[in-house]
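Keep in mind that the numbers below use all heavy atoms, side chains included, and drop hydrogens, waters and symmetry copies. Chain identifiers are assigned alphabetically (A, B, ...) following the order of the sequence lines, protein sequences preceding nucleic acid strands; residue numbering begins at 1 within each chain. This structure is a prediction, so every number in the text was calculated from the model and none was measured.
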Number of protein chains: 2
Amino acid sequence: MYDSLIAHIRKFVPLSEEEENLLTTSLRHKKVRKKEFLLKEGQLCSANHFVLKGCFRMYFIQENGVEQIIQFAIENWWITDYQSLDWQQPSHFYIQAIEPSEIALFDQSIIPDLCDRIPKLDRYFRLIVQRAFAASQQNLLYIYTFSGEERYHHFNRAFPEFIQRVPQYMIASYLGFTPEFVSKIKGRR
Amino acid sequence: MYDSLIAHIRKFVPLSEEEENLLTTSLRHKKVRKKEFLLKEGQLCSANHFVLKGCFRMYFIQENGVEQIIQFAIENWWITDYQSLDWQQPSHFYIQAIEPSEIALFDQSIIPDLCDRIPKLDRYFRLIVQRAFAASQQNLLYIYTFSGEERYHHFNRAFPEFIQRVPQYMIASYLGFTPEFVSKIKGRR
DNA sequence: CGCGACGTTGATTTGCCTCAACGATTGTGG
DNA sequence: CCACAATCGTTGAGGCAAATCAACGTCGCG
């Protein structure tokens with residue numbers, strides 16, 4: 001059931017049989033319906049989520065009511081609001097399933113204890129978050145360097161599967177512009 | 001010499017006397033002159049840097065030649081390019097001292113061994129990077145939600161000391177617009 | 001079928017950039 | 001210590017990328 005997660009962890013750190021067992025018994029498995037939320041604005045985020053199957057988006061709602069997506073997550077990606085998780089603050093974000101999905105759920109309350117018992121887990125999470133942070137820095141580079149049109153083409157080349165799985169207006173939101181503008185880009189040829 | 005760093009680590013994880021000693025003997029101390037670089041584009045980033053004293057900026061150079069700052073770091077902040085560090089890729093970024101500064105330097109080559117000997121260090125770095133990532137997500141929220149003018153005023157309120165220490169054109173660069181535009185914002189009243 | 005969600009297209013507006021010229025301040029060599 | 005250059009900030013005119021607003025086409029679904 002958690003094969004893909006175990007395999008993912010083993011790509012970063014070694015894991016004994018006992019550790020694997022301890023891990024899988026500490027996890028929670030969850031089926032998530034399309035449009036169901038893992039987190040809503042104002043709630044405390046209490047878990048780190050690993051996508052076993054399906055697709056999610058993390059977004060917030062701007063003052064003018066427009067949704068702004070800041071992250072997608074598909075199979076083998078982690079998604080959570082670390083700000084809310086670390087500081088126990090109400091979240092600014094929504095995390096919602098775009099497709100029928102399944103996740104493995106690491107409850108925050110068990111993480112310290114679990115990391116004490118499987119010390120390599122701290123390293124695993126450190127490396128995972130470092131990657132996410134590096135990607136975020138790289139993303140900033142794209143935002144500042146390229147025009148909307150260039151960013152759209154780059155996204156298409158880099159993540160062709162998203163174009164298949166995700167409605168166009170969500171791509172627009174993630175890239176920071178309006179659905180109309182995507183239409184116009186596609187119209188130019 | 002490393003008091004502020006030790007204190008910073010102890011805010012997140014416990015540290016025994018021996019561990020503290022092992023740590024301080026593994027670190028390197030470095031004075032950095034104003035405008036000196038810790039990292040340049042094309043180089044491999046080989047260390048994680050903790051600011052003991054002074055101020056740094058991390059930036060890249062856009063295709064049109066304009067500098068784009070993506071992070072500042074003052075006392076008690078870590079600064080590095082994790083993308084280059086993790087993947088051993090040439091960096092896209094520059095890290096440069098804005099003031100005469102002093103840093104503690106964690107060489108990447110000793111980090112795995114050091115973390116094996118002081119397991120809590122993995123957790124410390126995990127928490128540090130999580131914070132940085134959360135801040136980066138929050139920053140994205142600001143970029144997408146607010147106009148340049150709003151972002152400038154928010155930055156002023158949130159980080160008044162930077163306005164003192166950092167030239168105005170660097171603030172402009174960090175916020176993603178031109179120095180001229182900052183002038184015009186200040187002119188409106 | 002008819003309604004709501006999604007995408008397209010065009011006219012108009014706007015936030016910020018570009019370019020250019022000009023003070024003020026800093027720093028540097030003679 | 002002054003002269004001069006370089007750096008930094010200000011101001012204005014004009015331009016462009018992308019937003020806004022509005023109308024319409026299309027598809028899937030209760």
Could you tell me whether A/Tyr59 and A/Phe93 have their ring centroids closer than 6.0 angstrom?
-> no
Aromatic contact, B/Phe106 with B/Phe50 (centres under 6.0 Å) = no
Which part of the nucleic acid, if any, lies within reach of B/Ser183 when heavy atoms closer than 4.0 Å are counted: base, sugar-phosphate only, or nothing?
-> base
Given the side-chain rings of B/Trp87 and B/Tyr82, with only the six-membered ring counted for Trp, is the space between their centroids under 6.0 Å?
-> no
Can you label the angle between the A/Phe159 ring and the A/Phe155 ring as parallel, tilted or perpendicular, going by 30° and 60°?
-> tilted
Between C/dT18, D/dC8, C/dG7, which one does the side chain of B/Lys184 approach most closely?
-> C/dT18
Can you tell me how far P of C/dG7 sits from CD of A/Glu180, to the nearest Å?
-> 11 Å
Hey, which of these two, B/Asn64 or A/Met170, hits DNA chain C nearer its 5' end, going by closest nucleotide?
-> A/Met170
What integer distance in Å separates A/Tyr152:OH from C/dG7:P?
-> 10 Å
Is there a donor N/O on one and an acceptor N/O on the other, under 3.5 Å, for the side chain of A/Lys186 and the base of C/dG7?
-> no
Residue mapping more 5' on DNA chain C - nearest nucleotide basis, B/Arg151 or B/Lys34 = B/Arg151
A/Gly148 vs B/Lys35, nearer the 5' end of DNA chain D by closest nucleotide = B/Lys35
C/dT14 P sits how many Å from A/Phe181 CZ, rounded?
-> 19 Å
